[in-house]
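Structure first, commentary second.
These numbers come from a predicted model, not from an experiment.
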Protein chains: 4
Amino acid sequence: MTDMTTTADAPRSPGRPRSTRVDEAIVEATLDLLAEGSTLEALSIEAIAARAGVGKATIYRRWSGKEALIVDTLRTLKGPPPVPDTGNVRADLVILLSAVGRTPDARAASIFPCMMPMLQRDPAMHRLYQELLEPRRQVMRDVLRRGIERGELRADLDIELTLAMLTAPVLLQRLLRWHPKLDEESLPERVIDALFGGIAAD
Amino acid sequence: MTDMTTTADAPRSPGRPRSTRVDEAIVEATLDLLAEGSTLEALSIEAIAARAGVGKATIYRRWSGKEALIVDTLRTLKGPPPVPDTGNVRADLVILLSAVGRTPDARAASIFPCMMPMLQRDPAMHRLYQELLEPRRQVMRDVLRRGIERGELRADLDIELTLAMLTAPVLLQRLLRWHPKLDEESLPERVIDALFGGIAAD
Amino acid sequence: MTDMTTTADAPRSPGRPRSTRVDEAIVEATLDLLAEGSTLEALSIEAIAARAGVGKATIYRRWSGKEALIVDTLRTLKGPPPVPDTGNVRADLVILLSAVGRTPDARAASIFPCMMPMLQRDPAMHRLYQELLEPRRQVMRDVLRRGIERGELRADLDIELTLAMLTAPVLLQRLLRWHPKLDEESLPERVIDALFGGIAAD
Amino acid sequence: MTDMTTTADAPRSPGRPRSTRVDEAIVEATLDLLAEGSTLEALSIEAIAARAGVGKATIYRRWSGKEALIVDTLRTLKGPPPVPDTGNVRADLVILLSAVGRTPDARAASIFPCMMPMLQRDPAMHRLYQELLEPRRQVMRDVLRRGIERGELRADLDIELTLAMLTAPVLLQRLLRWHPKLDEESLPERVIDALFGGIAAD
DNA sequence: CGTTAATCGAGACGGTACGTCCTGTCTTCGG
DNA sequence: CCGAAGACAGGACGTACCGTCTCGATTAACG
């Protein structure tokens with residue numbers, strides 16, 4: 001939750017505490033409805049409340065609106081990123097790229113595209129989304145850095161650019177079947193090889 | 001327009017013909033509102049009608065709904081793709097990539113992200129979008145093919161993969177400022193060089 | 001094309017005209033619900049809309065809120081006041097007082113008390129209510145005046161005071177069964193006689 | 001209060017006793033809000049609780065709802081009725097009628113109209129209200145009876161009818177400014193004289 | 001003197017209704 | 001037949017209260 005009272009020192013706010021079961025019920029209901037094929041437009045707070053067996057006010061008490069709820073739902077779903085360290089850059093990257101645009105809970109797959117319109121408009125949303133991505137980027141940076149240290153990659157490799165070039169095609173393909181002729185499954189390996197065919201040292 | 005009666009050969013239906021000025025006014029109003037920062041959710045038919053000085057029914061007579069109107073607006077804006085032939089692959093690709101995610105009318109920039117949710121859900125929308133992209137992809141394929149013929153690129157180059165790897169990072173960066181540390185302007189050149197540093201023939 | 005030739009003889013506003021059937025349905029639904037025993041508090045716009053088979057907006061388009069709707073409903077029910085002229089003051093007054101606090105439609109009986117809280121607070125409501133009463137008061141003034149002219153009543157009779165003294169006990173008794181020991185039916189005659197026993201000219 | 005633990009004989013229930021300060025604070029808050037112009041509809045338990053600095057449950061522990069609270073508040077305010085005995089009917093009645101529709105605490109003036117809707121619907125409420133009025137009626141009956149004994153009034157005077165005819169106009173005028181042309185202040189005397197001009201013996 | 005039990009403020013909870021806004025359809029009139 | 005205007009049924013919005021329910025913290029009298 002965005003502003004839950006988690007600070008241990010706090011003397012505990014007065015009044016009845018918020019129910020964590022309710023939190024879960026709301027997020028579950030949201031995912032269910034998304035999975036049933038609603039657009040973000042069609043996904044109504046009213047429907048979520050009904051499905052979760054919860055009053056609307058209980059939702060608005062926790063989130064400022066549909067957008068915030070979606071982002072938080074996503075954060076809940078995105079567990080910690082995989083942290084591969086096979087000793088081989090290629091293998092590590094394959095693992096990471098295979099996780100791009102995916103969540104443990106399959107119902108959440110369709111959330112990403114729904115977020116894009118709001119990412120563009122709402123700076124706060126954009127910040128939240130970056131927060132969500134940053135840990136994953138950091139893992140990939142570490143993998144690349146280790147590759148450089150081991151001499152598998154050029155020392156002058158532009159890490160940020162590499163991140164973008166590896167991730168972007170896989171993500172777009174997964175989310176939108178962007179390029180009709182590309183096979184989604186084999187894409188990570190092919191992207192890596194295409195790029196590293198030229199970047200790999202010696 | 002989806003079903004405009006402009007073709008001269010048609011037997012010409014009786015009654016007052018549809019005004020093309022109205023068509024333009026509606027598209028213009030749509031773009032204005034998008035430019036003013038509305039989400040697709042917030043962008044209402046009612047607002048478009050009011051802004052265009054047009055009755056709601058006049059819009060529904062032309063398009064089936066918000067989505068159809070958006071797609072058509074986009075089609076109107078996307079002029080023909082640039083067809084560069086400088087004799088040099090790199091120069092040609094820089095021109096093409098610079099046009100990725102861009103339209104003659106700057107107001108339309110924010111339409112792409114708005115479309116993504118519907119691309120994912122609505123197969124018809126997806127097909128329309130692919131139609132829109134295909135001509136641009138074809139141009140890029142031709143550029144690459146010429147590069148191969150001229151010996152600038154390897155003969156065994158995977159053209160479709162290359163398309164995706166060049167286009168995806170630029171598009172995501174333009175639409176969503178996906179990667180905070182990448183400069184949007186220089187990105188096309190850097191993407192090309194990173195990829196071709198390894199792909200270019202000897 | 002955009003501007004219409006204004007101020008023609010036609011008072012007719014543009015667009016689809018409001019349906020009178022809808023007006024009736026709303027008033028009917030309101031009366032039904034009141035008759036079913038709802039307090040004004042409990043009488044919800046939402047329930048009225050549902051009962052009338054009408055959208056809430058359709059109600060708000062016509063009335064500013066519950067209060068205005070109630071007053072208008074009342075106005076609809078209160079037909080024109082009886083205009084008795086039997087040639088005898090007492091007989092005329094009995095007729096008028098028998099109509100006090102009553103409506104052609106029995107369902108409306110409970111509206112009066114519901115209005116009192118708002119009459120006191122809202123000046124606009126108060127004005128509306130006085131408008132509603134004024135025609136009835138005028139009729140009674142005329143009756144009294146004719147009584148004076150015919151010599152049945154003193155020439156120095158305070159007409160306004162007489163109005164109040166005749167009407168108030170009957171109204172309160174009808175609406176609230178104010179005085180448990182008074183018979184509602186015979187009250188008009190007794191009130192008149194009590195007052196006129198002292199006021200009638202010798 | 002409906003069930004306060006103030007009676008000394010009671011076996012005294014265990015646990016913390018209810019605070020009388022809280023009772024007062026709640027009634028005070030209620031009067032304040034009524035005085036500030038809230039309708040009974042608008043007068044919310046939540047607002048009363050907030051104003052009184054009290055939890056909502058603390059109110060519901062004492063009263064079953066808004067209505068019960070209002071009635072109890074009224075009972076608190078209505079002190080004992082004046083018991084005049086000047087030796088003159090007219091003077092006694094002027095004193096009594098001047099007190100009609102009035103309370104020691106001016107803020108309570110607006111409660112009467114608020115009660116009317118519930119008087120009509122809820123028999124229990126109606127009974128409570130009659131209990132509240134009865135002592136005042138009894139005082140007026142005594143006054144009238146003494147007037148008859150002293151020969152100031154006819155022996156065959158209908159006491160109940162006289163009560164109603166004197167009280168009703170003054171009450172309606174005070175609560176609702178029923179009759180716009182009547183002066184509220186002089187009304188008691190004029191009502192008495194109009195009625196007694198005809199009723200007084202010889 | 002600590003236990004016990006009902007109190008207190010606070011505020012979360014499932015609901016209902018509010019009054020607004022938009023959707024997609026429909027009438028009306030005038031061009 | 002087109003087009004502007006706008007009414008219509010329906011449904012979601014986000015807010016405000018309802019009456020009930022936890023919470024931790026008081027606050028007596030009883031043991």
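- Residue D/Thr58 has a polar side-chain atom (N or O) positioned under 4.0 Å from OP1 or OP2 of E/dG9.
- Axis angle between the ends of the helix from E/dC1-F/dG31 to E/dG31-F/dC1, five pairs each and rounded to 10 degrees, works out to 10°.
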Handout entry: Per-nucleotide protein contact string for nucleotides 15-22 of chain F (B base, S sugar-phosphate only, - none; heavy atom under 4.0 Å)
Key = B-BBBBBB
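- Summarising the geometry of B/Ser19 relative to B/Arg62, their closest heavy-atom pair is O-NH1, 3.6 Å, with the distance given to 0.1 Å.
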Handout entry: Evaluation steps, salt bridge (charged side-chain N to carboxylate O under 4.0 Å, His left out), between C/Arg18 and C/Asp23
Key = CA-CA 8 Å; C/Arg18 294 192 184 161; C/Asp23 291 283; over 6 Å; no
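- Between B/Leu34 and B/Arg107, every side-chain heavy-atom pair lies at or beyond the 4.5 Å cut-off.
- Within 4.0 Å (heavy atoms only), C/Arg62 reaches sugar-phosphate atoms of the nucleic acid but no base atom.
- For the pair C/Lys66 (side chain) and C/Leu43 (backbone), a donor-acceptor distance under 3.5 Å is present.
- For the atom pair D/Thr73 OG1 and D/Ile48 CD1, the distance stands at 7.5 Å (nearest 0.5 Å).
- Nearest-nucleotide mapping onto DNA chain F: of C/Arg18 and B/Val54, the residue sitting toward the 5' end is B/Val54.
- Toward the 5′ end of DNA chain E lies the nearest nucleotide of D/Gly53, the other residue of the pair D/Gly53 and A/Gly53 mapping further downstream.
- Following rounding to the nearest Å, B/Arg51 (CZ) and F/dA5 (P) show an atom-to-atom distance of 15 Å.
- The side-chain heavy atoms of B/Val71 and B/Trp63, taken from C-beta on, include no pair separated by under 4.5 Å.
- Rounding to whole angstrom units, CZ of residue A/Arg12 and C1' of E/dG11 are separated by 11 Å.
- Rounding to whole angstrom units, CG of residue B/Leu69 and C1' of E/dT23 are separated by 14 Å.
- Of all heavy-atom pairs between C/Arg51 and C/Ala29, the closest is CG-CB, 3.4 Å.
- Distance CH2 (C/Trp63) to C1' (E/dT20): 18 Å, rounded to an integer number of Å.
- Put simply, CD1 on B/Ile26 is 11 Å from C1' on F/dG3, counting in whole angstrom units.
- Taking the charged nitrogens against the carboxylate oxygens, B/Glu28 and B/Arg21 have no contact shorter than 4.0 Å, which rules out a salt bridge.
- Between the C1' atom of F/dT26 and the CZ atom of D/Arg21 lies a distance of 14 Å, rounded to the nearest Å.
- In plain terms, the two heavy atoms of A/Ala25 and A/Ala52 that are nearest each other are O-CB, 3.7 Å.
- Between the P atom of E/dC13 and the CD atom of A/Glu24 lies a distance of 13 Å, rounded to the nearest Å.
- Residue C/Ile59 contributes atom CD1, which lies 10 Å from atom P of E/dG19 at whole-angstrom precision.
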